[in-house]
Protein chains: 2
Amino acid sequence: MNPSDLSAPTSPAGVDLSRENGVALWKQIQQVLEAEIAQGIWPPGEKLPTEFQLAERFDVNRHTVRRALSGMEEKGLLRVEQGRGIFVHEHVIDYMVTKRTRFTENLRRQNRSTDGKFLFVEMEGASEKVAKALGLREGDPVICCAKVSYADGRPINVSETYFSAVRFPGIEDVLRECESITEALQRCGVRDYTRKSTRVIARLPSQADADHLRQPRNRPVLVTEGLDVDEQGRPVSFGASRWASDWVQIVFES
Amino acid sequence: MNPSDLSAPTSPAGVDLSRENGVALWKQIQQVLEAEIAQGIWPPGEKLPTEFQLAERFDVNRHTVRRALSGMEEKGLLRVEQGRGIFVHEHVIDYMVTKRTRFTENLRRQNRSTDGKFLFVEMEGASEKVAKALGLREGDPVICCAKVSYADGRPINVSETYFSAVRFPGIEDVLRECESITEALQRCGVRDYTRKSTRVIARLPSQADADHLRQPRNRPVLVTEGLDVDEQGRPVSFGASRWASDWVQIVFES
DNA sequence: CCCTATTTGTTCGTATGTATC
DNA sequence: TGATACATACGAACAAATAGG
C-alpha cells in the first residue's frame, strides 16, 4: 500500500473489541457497524470497505466480519453484491396495493418523482394465461403495452399490460400518446377501474429484466400479476410486472 | 456408459427438427418439451435429462437446448437447480391472503394436507420492528412462536409470530398445547382477528431458512410481514414469514 | 473477444471454549 | 471425570460475478 493512502483514511480509527467479556466478536462488530450507519458515517448508498479491509480494521478473520455483515443484510441494513461490494441500503419504496392502485399517484404520495419509458406497444395473440384472465380465447387479438417505470430516476419495475383489442379498438395509438395507462383507459371510455386480484411470486430475473432493472441476475425480483376490472366487474386489463425487490416492498392494506 | 443403460431409455425417441422451415431450432425444441410435459411424459417433480443428454437427443448444441429451457423456466414450467438438474415444476400452491387469513383453512380449501412443526416458543425482548407493529416499546416482553409449516409434506413456510406477553399472559404454554395459532388466541380471549396489512419483499434465504425449506440458497424466498388486529382494531400478533417461492404464490383478493 | 484483478460466495479443515449429560 | 455437542474463530483454497483494459 502507498503511504499517501494514509492521508485519506476510509474508515474510522481502530476499535478495541473485547475478547474476554463473553460477547461474540461478530456481535460486537455488528454493533459497531450498525452504530456507524445510524450516525451517518456510512450514508445510504455508500460502499463499505471490503470484507478484507474490515477484517484488518477489527483485526479478525474475514469469516468473522462476514458473520456480522450477514446479520445486517438480513435486517435490511446492507445490500451485498458479489463481485462489487457491500452497500448501505437506501430507504426502500413502499408500493401500496389497494383496490384503487395507480402507479404515479402511489409514488407521488411518498414524495418520489416518477417516470416511465415505453418499450413497445403492439398487437399480439393472447397467450393462455392472458386469455384466461381477460375472459378471451387463446390467440384472440390483444394489445400489449410494455414499459419500464422509474422512481427517483431508478428503474423499479418492468411490466407488460394487456388489453382486449376487440373491446378497446384503437387503444394501441391512444397508449402511445398518453403518459399513463389510467389516462389511456379513460380516453377509451373506462371511467374507473379497480384491482380485483394480485398474485405474487419471487424468482430470479431473466437477463432482459435484470438489464432493465439495472440489477445483477442473482438478486431476486418480485413478480406480480394483477387483474383490473371496471365498475361492472368486467376485466379491463391484465398486467404482469417484475419489481426490483432491493428497492421496493409491496404493501397490501386490507 | 454401461450397455445395460440402454434397456431403460430415459427419454422419448429422437425427434426430427426441421432446419429449413424458418422456425428457430430452440423454439421447436421448446414446443416438443412442452408437449411432452403436457402429455405427462415428464410428470411434475420429475428430473429432466441433463442439458447434455437433451442436446444429444435433438442433435443440437447445448446452448440451443439452454435457450429452450430458459424460456420454459420463465414460463414457470421448469425449475433449474445449479448442480442438481432440471425439474418439472409441480403445481404451485395459491396462498390466498384476505382480511381473514387462516393458514390451515386456506390450504384445506385447495385439498392440501397441512402440518406444522414448532421450532420454539419463548419469551424475548421486542425488537424495534416488533415493538412498533404491536404498539409496544423496544425491549418490552413478547412471546415469539417459531414454526415451519408444511403442505402435502413439503415445507413451504418458516415463520415467527409475536404476541405481547403483557396482553396475553400464559400464551406461551397455551401455544405449546395448541395445534394452530388461531386456536391459541381463542383460548386467550381473542374471538376473532383480521389481517390489517401485509408487506412483501423477495430476497435470498439465510442458511437456516434454506435448510428448513429444503431449498438451495440461491433460490429466492418471499418474505412477508403481517399485522393482525382484533375487532377493536388493537394489534394482536405480528408475523414474519419466509415462503418457498418455488412452491407457493401469494394471492391477494380485494 | 480474451485476459486479469478485485471482491464476494462456498467449502473444506482445525482449534478452542463452554455447556450439558 | 469424561464424553458429547455446540458456537465461535481462524486459515486456506477455490468458485463465481464484476469491472476494466
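All figures in this text were calculated on a predicted structure; none of them were measured in a lab. Throughout, protein chains are lettered first and strands after them, A, B, ... in sequence-line order, and every chain is numbered starting at 1. Only heavy atoms go into these numbers, but all of them, side chains included; no hydrogens, no water, no symmetry mates.
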Given atom [atom1] of [X] and atom [atom2] of [N], what is their separation to the nearest angstrom?
X        : N      : atom1 : atom2 : answer
A:Arg219 : D:dT18 : CZ    : C1'   : 14 Å
A:Asp59  : D:dA9  : CG    : C1'   : 12 Å
A:Phe58  : D:dA9  : CZ    : P     : 13 Å

Requested in this report: Check the angle between the aromatic planes of A:Phe252 and B:Phe252 and answer parallel, tilted or perpendicular using the 30° and 60° thresholds.
Outcome: parallel
Report summary line: In B/S/- notation (B base, S sugar-phosphate only, - none; protein heavy atoms under 4.0 Å), nucleotides 1-14 of chain C written 5' to 3' is ------BBBBB---
N or O in side chain of [X] less than 4.0 angstrom from [N] OP1/OP2:
X       : N      : result
A:Asn61 : D:dG11 : yes
A:Arg67 : D:dA9  : no
A:Thr64 : D:dT8  : no

**Report entry** Partners passing side-chain contact (heavy atoms from CB on, under 4.5 Å) against B:Glu160 (at least two apart in sequence or in another chain)
**Finding:** B:Cys144, B:Ala146, B:Tyr162, B:Ala240, B:Arg242
Query raised in the report: Is A:Arg57 salt-bridged to A:Glu36, cutoff N-O under 4.0 Å?
Result: yes
Report task. Determine, stepwise, if the pair A:Ile156 / A:Leu107 fulfils side chain to side chain contact (heavy atoms under 4.5 Å, CB included). Result -> CA-CA 11 Å; A:Ile156 59 166; A:Leu107 296 180; 4.0 Å; yes
Query raised in the report: Do A:Thr114 and A:Arg108 pass the side-chain hydrogen bond (donor to acceptor under 3.5 Å, both in side chains) test, and can you show the C-alpha distance, the side-chain angles, and the key distance before you say yes or no?
Result: CA-CA 7 Å; A:Thr114 59; A:Arg108 287 273 159 73; 3.3 Å; yes
Could you give the side-chain donor-acceptor pairs of residues 118-136 of chain B under 3.5 Å, partners two or more places apart or in another chain?
residue: B:Ser127; atom: OG; partner: B:Val130; partner atom: N; Å: 3.3
residue: B:Lys129; atom: NZ; partner: B:Glu225; partner atom: OE2; Å: 2.8

